[in-house]
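Structure first, commentary second.
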Amino acid sequence: MSSEVEGSNYAQPTQSGHFGPYGGRFVAETLTHALDELERLYNEVKSDAEFQRELGADLSHYVGRPTSLYFAARLTQHLGGAKIYLKREDLNHTGAHKVCNTIGQALLAKRMGKPRVIAETGAGQHGVATATVAARLGLKCDVYMGEADIARQSLNVYRMKLLGATVIPVSSGSKTLKDAMNEAMRDWVTNVDDTHYIIGTVAGPHPYPMLVRDFASIIGQEARAQILEAEGRLPNVLVACVGGGSNALGLFHPFIDDVEVELVGVEAAGLGLHTGEHAAPLNKGKVGVLHGNRTYLMANDDGQILETHSISAGLDYPGVGPEHSHLKDIGRARYDSATDEQALQAFRLLNKTEGILPALESSHAIAWVIENVPSMNSKDIVLVNLSGRGDKDINTVAKIDGISLT
Amino acid sequence: MTRLQQCFTQLGNRRALVCFITAGDPTLEHTLPAMHALVAGGANVIELGVPFSDPEAEGPAIQASSQRALANGVSLNCVLQMVAEFRTVNQQTSIVLMGYLNSILAMPDFPERAQQAGVDGLIMVNLPPEEAHELEKSLADHQIDIVYMLAPTTTDKRAELILDHASGFVYYVSLKGITGADHLHPADVAQRLAKLRKQTNLPICVGFGIKDVVTAKAIGQHANGVVVGSVLVNLMYEHRSDPEQAAQALQAMTGQLRQGLDSID
């Protein structure tokens, strides 16, 4: 354990898919075989030159990577503290980092000879990213989405339809991301022979938390090289929003052994951590098992999963990737939070100072910057993951401003 | 010998009828009369569902029943109280709790309290043996059997591992799908069960997709018992305003299933 705190030889998960006590594989027996197969194939393609070449080519020519690392001069000046760099994941094809994972997993589906992919989505970014790669590879695609999210993310719902995917509304439970994930699991149990389930975050049963993290790690690999080129040194702090936590782990992971770099995840505090109306399991949750893995969860004393609240659909999830739970416990990462209100202020400020429209999810990371950067030294460097663009959130924000766009 | 072992020993060549209902659904008042009615109709094992907010492997019927029970305020504590009350009248019929791991994790002294209440077995849908070490041991210390599920996708090699950990009976999931599904193929089930027989001496009960006398007999022919769930849950919901009527309907349905199973040579 102590060597992990120092970060000198971090190697997670274990062969059985555990990050410390977290992760694992808690699923209905029917799925075990499919997970074994996926794990076997994934371990195979990791060292398969042809697969890596195909993935690399797609990332550069189709997705448009590397994304830029941008020095936010006016925001830096406005806040008057550390230098702020933005990793521009909003510039990816489809508008968020999610596509790096879906491209990787769709290539896996193709290798497995599975003609159909399914996905769950909250904000719709992962659904769009899945529908996009499915269209490109000619795979049939069904996306599960909670009714509440369909109502607040109509733009992405329509995009998925244009891409040829079927969006299946989920009306059970809280009608949000967690329920969409339940429904996708039920579909997968039934259609496991011809279907690959593209989980969109670093959660779910092993090997998903590892595999999604690895596909997202291109973010941190690029950012590390880019900041070294720009500044000749590593940043003091990395900041990213955390729902399930894929953009955060994608950024953090290549820096985990760089113990001098502080890793900060920002959870959704919703109406406030004290109100219970939030989505901050690492701050306020307890350890339990949901969606195939052991992790911090929002649950009541009877172990029932609680409904969460966040202004951003992509963070509105009661669990979090198991590796984040591990990084929290060993003290390698720190998890703070930002409220809906703080995220909205950040959303507006980034528009006005930098001409960048951030997703409401990513705005939580910017909110942390607004709160913390002014008290930092001007020689310090903060690198923020701007995980997605905010076009999809215009309706939500306009409504708060009392403006109807329809 | 645990109560479950006794149950299957006493049955001999007769098939076990395992009946599922969700505790506290459609109302709290339904559950105890329903349990007694199942026994009166000929059930050998009552599988009592512990409601969970996110039942990943359940079809619409059991999902809805779980949500209704939660709306009625049913907790694991409440389920154990129901079992204890049932036990004041009935000490013969086996009771197996079915649910999802997070409910159990929330009660650290579950094995002890479950034993006190009179629970005989536990089916955890999302707990494979690889993750079960601690719970398995503490359940065994309290004479509670852990019933593992096997699926059509389980490889022979993996079946061996699961069977190594199983006790009480083995639950074979008849199809790739969720509870209440409608694509049961008895011939496939028969084939797999013949294989499993060579791997274990434990009784094998089959569930998922068994909804009437015809399907119960078709599957019962090859198994030591059948599990019936969604159809009973639906029946109770039909009589949601009257626990007594619900109990009568359950007893009639269970009686037919019993008769059907007993007509198998």
Side-chain angles (χ1 to χ4, degrees), chain A residues 15-18 21 23-37 170-174 177-195 204-206 286-295 297-307 318-319, chain B residues 50-60 63-64 66-67 69-70 73-79 99-107 110 124-132 148-155 157-159 161-162 171-183 208:
Chain A
Q15 210 170 5
S16 56
H18 292 85
R25 188 183 278 177
F26 297 86
V27 290
E29 174 57 25
T30 310
L31 293 179
T32 302
H33 182 63
L35 293 167
D36 279 340
E37 282 294 290
V170 176
S171 59
S172 57
S174 58
L177 182 54
K178 84 173 171 76
D179 309 284
M181 204 153 174
N182 291 335
E183 213 49 44
M185 299 272 258
R186 291 181 190 120
D187 180 315
W188 200 31
V189 167
T190 308
N191 301 297
V192 62
D193 290 333
D194 72 345
T195 298
H206 179 63
K286 55 181 101 177
V287 175
V289 168
L290 178 71
H291 294 149
N293 67 98
R294 185 191 299 270
T295 190
L297 294 173
M298 305 262 296
N300 70 14
D301 289 342
D302 294 322
Q304 306 297 342
I305 307 306
L306 294 171
E307 294 190 7
Chain B
V50 179
F52 182 53
S53 53
D54 295 79
E56 290 152 21
E58 312 303 336
Q63 274 181 55
S66 208
Q67 286 190 358
L70 289 177
V74 176
S75 61
L76 181 54
N77 189 33
C78 189
V79 178
Y100 291 77
L101 184 59
N102 211 45
S103 322
I104 304 295
L105 292 177
M107 187 184 276
F110 169 78
M124 287 281 94
V125 179
N126 59 348
L127 181 64
E130 291 93 332
E131 303 282 1
Y148 281 111
M149 291 173 142
L150 289 168
T153 51
T154 308
T155 59
K157 193 172 158 225
R158 184 169 165 76
L161 175 127
I162 296 174
Y171 189 135
Y172 182 69
V173 176
S174 65
L175 46 78
K176 293 169 202 159
I178 51 182
T179 51
D182 205 15
H183 52 278
F208 283 45

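Within every chain, numbering begins at 1; the chains are lettered A, B, ... in the order of the sequence lines, protein sequences first and strands thereafter. Computation of the quantities below employed the complete heavy-atom set of this structure, encompassing side-chain atoms and omitting hydrogens, waters and symmetry-equivalent molecules.
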Steps toward side chain to side chain contact (heavy atoms under 4.5 Å, CB included) verdict (A:Thr32, B:Thr153): CA-CA 8 Å; A:Thr32 302; B:Thr153 51; over 6 Å; no

Need one label for A:His18: side chain, backbone, both or neither, based on atoms under 4.5 Å from any heavy atom in chain B. side chain

If you count heavy-atom pairs under 4.5 Å with chain A, which of B:Ala132, B:Pro55, B:Gly59 comes out on top? B:Pro55

Just checking, any donor-acceptor pair under 3.5 angstrom between side chains of A:Asp179 and A:Ser172? no

Can you say whether B:Pro60 sits under 4.5 Å from chain A via the side chain, the backbone, both, or neither, judging by heavy atoms? neither

Which residue out of B:Thr154, B:Val173, B:Thr155, B:Leu175 racks up the most heavy-atom pairs below 4.5 Å with chain A? B:Thr154

Determine the minimum heavy-atom distance between B:Ser103 and B:Pro51, stating which atoms define it. OG-O, 4.2 Å

Please report the C-alpha distance between A:Arg294 and B:Leu105 in whole Å, then the side-chain angles of each, then the deciding distance to 0.1 Å, and finally whether the side chain to side chain contact (heavy atoms under 4.5 Å, CB included) criterion is met. CA-CA 11 Å; A:Arg294 185 191 299 270; B:Leu105 292 177; 4.2 Å; yes

Side chain, backbone, both or neither: which part of A:Ala34 has an atom under 4.5 Å from a heavy atom of chain B? neither

Under 4.5 Å to a heavy atom of chain B? For A:Leu297 that would be side chain

Side chain, backbone, both or neither: which part of A:Val27 has a heavy atom under 4.5 Å from chain B? backbone

As an exercise: rank A:Arg186, A:His33, A:Met185 by heavy-atom pairs under 4.5 Å with chain B and give me the winner. A:Arg186

Count the heavy-atom pairs under 4.5 Å between each of B:Ala181, B:Ala57, B:Ser75 and chain A, then report the option with the highest count. B:Ser75

Non-hydrogen atoms of chain A under 4.5 Å away: do they reach the side chain of B:Ile178, the backbone, both or neither? both

Using non-hydrogen atoms only, which part of B:Ile104 is less than 4.5 Å away from chain A: side chain, backbone, both, or neither? neither

Identify which one of A:Lys178, A:Met181, A:Glu183 satisfies the side chain to side chain contact (heavy atoms under 4.5 Å, CB included) criterion when paired with A:Val170. A:Glu183

Among B:Leu101, B:Asp54, B:Asn102, side chain to side chain contact (heavy atoms under 4.5 Å, CB included) partner for B:Asn126: B:Leu101

Tell me, out of B:Gln67, B:His183, B:Lys176, who's got the most heavy-atom pairs with chain A below 4.5 Å. B:Lys176

Could you pull out the closest heavy-atom pair between A:Leu290 and A:Pro318, with the gap in Å? CD2-CG, 4.2 Å

Heavy-atom pairs under 4.5 Å with chain A - which of B:Glu130, B:Met107, B:Met149 has more of them than the others? B:Met149

For residues B:Phe52 and A:Gln304, determine if any side-chain heavy atom of one lies less than 4.5 Å from a side-chain heavy atom of the other. yes

At their closest point, which heavy atom of B:Pro129 faces which heavy atom of B:Arg158, and how far apart are they? CD-NH2, 4.2 Å

So which of B:Pro128, B:Gly177, B:Ala106 has the largest heavy-atom pair count under 4.5 angstrom toward chain A? B:Gly177

Tell me, side chain or backbone of A:Asp187 under 4.5 Å from chain B's heavy atoms, or both, or neither? neither

Whether B:Phe208 and B:Tyr171 hold their rings parallel, tilted or perpendicular, with breakpoints at 30° and 60°: perpendicular

With a 4.5 angstrom heavy-atom cut-off, is it the side chain or the backbone of B:Glu56 that approaches chain A, or both, or neither? both

